[in-house]
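Note that the structure is a prediction, hence the values are computed from the model and not measured.
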Amino acid sequence: MFDTILMGGMIYDGSGEKPYQADIGIVGNTIAEIGDLSHKDATNRIDVKGLVVCPGFIDIHTHSDMVLLADGKADSQVMQGVTTELAGQCGFSAAPVGDSERMEKWMIGRLPGVNVSWRSFGGYLDVLEEKHLGLNVMAMVGHGAIRGAVLGDEIRQPTEDELKKMEALVAESLEEGAWGMSTGLEYWPGIGASTDELTRLCKVVAQRGGFHASHVRNRDVHYDIGFTEVISVGRASGVRTQISHIQPKWGRPDHAMNHALDMIDQAKSVGVDVGFDIIPHVWSHTGVAAILPSWAREGGVEHMIERLKNPALRERIKANPTPMWRLILDERWDLIYFLRGMDGSIIGRTVAEVAEERGTAPYDTVLDLLVEAGSDALSMLWTSKSFFEEDLEKCVKRSDCAIMSDTLAISRQGPTGELIGSLAGYGWVARFLEHYVHHLKLIPLEEGIRRMTGLPAQRIGISDRGTLRVGAKADITVFDFDKVAYRCTVDSPREHPTGFVHVFVNGKQAVADGVRTPVDAGCVLRRAG
């Protein structure tokens with residue numbers, strides 16, 4: 001007796017192999033049988049003939065650590081077939097915690113009902129487990145959080161004793177369920193880390209079987225230095241390495257993408273285990289405060305605001321020769337759009353437009369907005385056309401390229417309704433399937449599905465999700481490939497895509513006939529220490 005039978009769908013099992021038609025029988029949270037189940041009994045039979053049936057998508061790179069504590073439904077992900085995500089990326093994680101107030105401001109501002117009551121990584125996962133989750137959640141420990149817990153807001157090299165404390169926190173976090181360590185070497189405070197520090201910490205990760213996911217230091221003019229460092233850390237430490245959102249940014253030389261991929265191939269040829277992933281669109285998003293030089297961020301948000309108010313220091317900030325986006329050096333404020341901020345009237349508008357309306361220079365407009373946001377300045381988000389379509393297409397054609405969102409799992413209703421994680425947060429899966437697989441036909445559908453199922457599962461190190469097979473967890477997505485459409489725009493970024501029909505999380509139906517059900521069957525997935 002099955003709980004559910006999905007009848008007659010085309011099975012894309014996540015391996016990249018050709019599809020086949022079959023029924024899938026679910027018992028509890030597990031796939032119990034695949035084949036001809038027409039004569040088997042089931043509580044619930046669903047006809048999925050003519051539809052794609054595949055593993056639930058696994059998002060290998062998100063920043064949902066804190067928002068899921070405010071609202072765990074994660075509709076933005078579930079409604080496009082995502083059933084598992086890996087949070088704690090780019091060096092930012094919700095634990096370990098040194099100063100709770102600092103952590104709350106650092107992550108995403110003041111979320112309703114979220115108080116940092118934990119200190120350890122395991123303590124954070126314990127709190128997360130108490131929430132009703134719409135999808136399965138895994139987490140990395142962030143190097144920035146490790147640094148913050150030991151060094152506070154200081155940007156300096158740790159002493160040997162401090163580095164040993166950092167190593168101990170990494171080890172403790174992995175033993176309590178973290179799947180690895182992430183770094184954000186272009187962000188404060190990760191920007192202050194030396195290569196030796198990273199190697200020491202990654203050796204701890206490697207010894208415990210975890211992996212290292214890195215937002216590298218630079219992906220524009222000196223892209224090769226950024227990629228080389230992370231690959232070198234992987235070689236020297238022996239850690240499995242994942243280069244996050246590898247696509248080079250505005251200001252990179254034309255050959256950068258080819259060179260970066262050649263570097264990966266060379267590293268693999270000498271035994272370095274290195275993979276990479278991309279965001280499937282040309283938009284780059286980050287915190288507005290990320291453009292500030294690291295010295296302007298020291299001491300916390302209050303000190304940052306005071307520096308922005310000081311005319312002399314403001315001019316020094318504006319003279320920064322290496323902002324995170326070279327669009328700023330090139331004064332392409334027309335390509336930078338506000339996505340989240342304290343002033344709702346600026347959302348979806350370019351910096352150039354807002355500056356003209358205010359009658360202030362664009363750079364000063366941005367810094368003024370940070371000052372006006374005050375203690376919530378770190379939660380301001382913007383996006384820009386910083387990536388290049390030709391680079392993305394080169395990556396998609398490679399079998400080792402995973403696809404991810406770099407976003408937040410949020411919902412249009414409830415406490416996260418006004419938040420935006422990225423321009424494609426509500427439709428990154430649809431964007432990839434519609435544009436790169438359906439329209440451009442760069443890869444067949446079975447391979448496109450593998451990039452968001454079997455491949456991320458393999459890179460993370462999970463064995464019971466990411467493929468449709470007997471004994472695997474029943475995380476299943478059903479969609480109509482011809483009707484999948486991405487609908488997000490700068491003006492309207494909270495639009496769910498079309499084409500996704502049914503979604504099962506741990507055997508429970510979270511989406512039925514394109515409508516989100518009240519079921520939240522996700523769970524916290526801890527890596528065995």
Side-chain angles (χ1 to χ4, degrees), residues 9-10 12 14 48 50-62 64 67 73-85 134-135 277-283 285 339 348 383 389 392 396 402-414 416-417 419-443 445-446 448-453 456 475-505 509-517 519 522:
M10 290 300 297
Y12 290 75
V48 292
L51 300 176
V52 172
V53 181
C54 71
F57 300 121
I58 298 173
D59 191 345
I60 197 173
H61 185 112
T62 81
S64 302
V67 294
K73 291 194 68 65
D75 289 352
S76 62
Q77 293 276 50
V78 177
M79 288 290 287
Q80 55 182 320
V82 180
T83 59
T84 302
E85 66 168 43
L135 78 177
D277 46 62
I278 62 168
I279 312 167
H281 52 80
V282 298
W283 295 91
H285 53 277
L339 271 186
T383 189
E389 176 66 17
L392 292 168
V396 169
I403 313 299
M404 54 80 156
S405 74
D406 195 13
T407 191
L408 305 175
I410 49 183
S411 301
R412 295 192 296 195
Q413 305 298 320
T416 63
L419 291 178
I420 286 295
S422 74
L423 187 58
Y426 279 79
W428 66 277
V429 171
R431 164 69 179 169
F432 175 66
L433 291 175
E434 180 187 23
H435 182 64
Y436 295 101
V437 181
H438 197 282
H439 289 169
L440 296 183
K441 303 186 186 314
L442 297 182
I443 52 177
L445 179 57
E446 57 267 27
I449 288 172
R450 186 185 72 87
R451 306 296 184 82
M452 298 182 288
T453 57
D475 293 344
I476 301 172
T477 291
V478 180
F479 64 93
D480 186 332
F481 185 42
D482 291 329
K483 293 181 179 179
V484 168
Y486 171 69
R487 301 171 62 213
C488 299
T489 65
V490 173
D491 295 327
S492 185
R494 299 180 182 88
E495 299 297 326
H496 292 299
T498 59
F500 295 90
V501 184
H502 305 296
V503 179
F504 288 80
V505 180
Q509 193 162 10
V511 175
D513 296 316
V515 177
R516 183 72 162 91
T517 73
V519 173

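Checking side-chain atoms of S64 against main-chain N and O of V67 turns up no donor-acceptor pair under 3.5 Å. Looking only at distances, a side-chain donor or acceptor of S422 sits under 3.5 Å from a matching main-chain atom of G425. Looking at E434, its side chain does come within 3.5 Å of a backbone N or O of Y486 through a donor-acceptor pair. Not one N or O on the side chain of K483 forms a donor-acceptor pair closer than 3.5 Å with the backbone of D480. S411 places no side-chain N or O within 3.5 Å of a backbone atom of Q413 that could act as its donor or acceptor partner. At distances below 3.5 Å, not a single donor-acceptor pair connects side-chain atoms of T383 with backbone N or O atoms of W283. A donor-acceptor contact shorter than 3.5 Å links the side chain of R487 to the backbone of H496. Between the R494 side chain and the G417 main chain, a donor and an acceptor come within less than 3.5 Å of each other. Under a 3.5 Å cut-off, the side chain of T517 and the backbone N or O of A510 do form a donor-acceptor pair. Without hydrogens or angle criteria, T477 side chain to G81 main chain gives a donor-acceptor distance under 3.5 Å.
The side-chain heavy atoms of V503 and T83, taken from C-beta on, include a pair separated by under 4.5 Å. In this structure the side chain of V519 never reaches within 4.5 angstrom of the side chain of Q509, judged on heavy atoms. No side-chain heavy atom of V484 sits under 4.5 Å from any side-chain heavy atom of T498. Taking the side chain as every heavy atom from C-beta outward, E85 and I58 never approach each other to under 4.5 Å. Side chains of V501 and V511 form no contact here, defined as non-hydrogen atoms less than 4.5 Å apart. Residues I278 and V396 have side chains in contact (heavy-atom distance under 4.5 Å, counting atoms from C-beta outward). At least one side-chain heavy atom of R451 sits under 4.5 Å from a side-chain heavy atom of I403. Residues Q77 and D75 have side chains not in contact (no heavy-atom distance under 4.5 Å, counting atoms from C-beta outward).
The CD1 atom of I449 sits 10.0 Å away from the CD1 atom of I443 when rounded to the nearest 0.5 Å. Note: L423 CG to R431 CZ = 10.0 Å, rounded to the nearest 0.5 Å. Between atom CG of residue D406 and atom OG1 of residue T62 there is a gap of 8.5 Å, rounded to the nearest 0.5 Å. Distance check, rounded to the nearest 0.5 Å: CE of M452 to CD of Q80 gives 9.0 Å. Taking OG1 of T407 as the start and CG of L419 as the end, the distance is 10.0 Å to the nearest 0.5 Å. The OH atom of Y426 sits 10.5 Å away from atom CE of M79, with the distance rounded to the nearest 0.5 Å.
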Audit row: D59, T84, side-chain contact (heavy atoms from CB on, under 4.5 Å) steps and yes/no: CA-CA 6 Å; D59 191 345; T84 302; over 6 Å; no

Full working for side-chain contact (heavy atoms from CB on, under 4.5 Å) between V82 and V429: CA-CA 8 Å; V82 180; V429 171; 3.8 Å; yes

Worked verdict on V282 versus L392 for side-chain contact (heavy atoms from CB on, under 4.5 Å): CA-CA 8 Å; V282 298; L392 292 168; 4.2 Å; yes

Audit row: R516, K73, side-chain contact (heavy atoms from CB on, under 4.5 Å) steps and yes/no: CA-CA 10 Å; R516 183 72 162 91; K73 291 194 68 65; 3.9 Å; yes

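Minimum heavy-atom separation, F479 to C54: CE2-SG, 3.7 Å. When all heavy atoms of H285 and I279 are compared, the closest pair comes out as CE1-CD1, 4.5 Å. Residue T453 comes nearest to P55 through the heavy atom pair CG2-O, 3.6 Å, listed as atom of the first residue, atom of the second, then distance. Between H61 and S405, the closest heavy-atom pair is O-OG, 3.6 Å. When every heavy atom of L433 is checked against every heavy atom of L445, the shortest pair comes out as CD2-CD1, 4.0 Å. Pairing each heavy atom of R450 with each of G14, the nearest pair is CG-O, 3.2 Å.
Aromatic ring pairs are classed by plane angle as parallel below 30°, tilted from 30° to 60° and perpendicular above 60°; the pair H502 and F504 is tilted. Note: F500 and F57 have perpendicular aromatic rings, judged against thresholds of 30 and 60 degrees for the angle between ring planes.
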